Amino acid sequence: MAGFTPFTNNYRDLSDENGYQFEFVCDICGSGYRSEFQRSTLGSASTLITGASSVLGGLWGASNATRGAKDFMDRGARDEALKKAANEIMPLFTRCPRDSRWVDETCWNEARGLCVSDAPKLASEMEATRAQVEVQQMREAMQGEKVFSGDLSARATVCANCGKPVGSEKFCANCGTPTAQAKCAGCGTDLAEGARFCPNCGQPVAAA
């Protein structure tokens, strides 16, 4: 005779010689819900029979007595306990009509009538996406920053004439070319080497 089959096969049997208890698990997040412990008469009966066998001088061995009591008294008791536990815990779960998963309240989208694997909760997804976007923006901003230490005027540059590196000197140590950046006399905009007009205000550049 087949035993009782609960509403979901995702459960654990936590029963021992003193009674029965089962833990049913959500098919998505794995959260477990334990049923109330159901004490059995098997443990007490086994103790009594074991004591009686000792009094009788081992006519019927203690291990055989316990095994016999279990076979006789536990017949069908586990199935009844499992049935009671399933009826107790089943209201905490909902079966998804799309993929037949049994899920708890956390993994059930009430608005869509589906589990979150098939219909994610929009509010949670929006917050997760917003957080990802903010993190990406922060990373891009940090990558775009140019951080310098010390005096900015002392940063190394290269000579416009020979290409050799120069520091804050007024003339290139390699060829003697002035290193100061030419500026427009009208608006003060930096001028490229050889420029004839200011790119900002159009004023002609005076010949050196």
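Keep in mind that this is a model prediction, so the values were computed, not measured.
When all heavy atoms are compared, the tightest approach of N109 to A119 is ND2-O, 2.8 Å. The two residues R78 and Y11 have their closest heavy-atom pair at NH2-OH, 4.0 Å. Of all non-hydrogen atoms in L114 and P97, the two that sit nearest each other are CD2-CG, 3.9 Å. Considering all non-hydrogen atoms of both residues, A86 and F4 come closest at CB-CE2, 4.1 Å.
Sorted by first and then second residue, the pairs that involve residues 119-132 and meet salt bridge (charged side-chain N to carboxylate O under 4.0 Å, His left out), not counting sequence neighbours, are E127-R130. Under the side chain to side chain donor-acceptor pair (under 3.5 Å) criterion, the residue pairs touching residues 25-39 are N10-D27, E23-R34, Y33-D104, with sequence neighbours excluded.
K84 places none of its side-chain heavy atoms less than 4.5 Å from the side chain of Y20. With a 4.5 Å cut-off on side-chain heavy atoms, I28 and C115 count as touching. Counting only heavy atoms from C-beta outward, the side chains of L82 and P6 approach each other to under 4.5 Å. Put simply, the side chain of W102 does not reach to within 4.5 Å of the side chain of N9, judged on heavy atoms. Under the 4.5 Å side-chain criterion, counting only non-hydrogen atoms from C-beta, L122 is in contact with R112. Within the 4.5 Å cutoff, side-chain heavy atoms of F24 are placed close to those of F7.
Looking only at distances, no side-chain donor or acceptor of N87 sits under 3.5 Å from a matching main-chain atom of M90.
Between Q136 and Q132, the side chains place no donor N or O within less than 3.5 Å of an acceptor N or O (distance only, hydrogens not considered). Side-chain contact annotation: S100 with R95, donor-acceptor N/O pair under 3.5 Å present.
Interatomic distance, E134 CD to Q137 CD, rounded to the nearest 0.5 Å: 7.0 Å. Atom CG of L14 sits about 10.0 Å away from atom CZ of F37, to the nearest 0.5 Å.
The hydrophobic cluster containing W108 also contains V116, counting ILVMFWY residues as joined when their side-chain heavy atoms lie under 4.5 angstrom apart, directly or transitively. A continuous path of ILVMFWY side-chain contacts below 4.5 Å connects F22 to I89, so both sit in one hydrophobic cluster.
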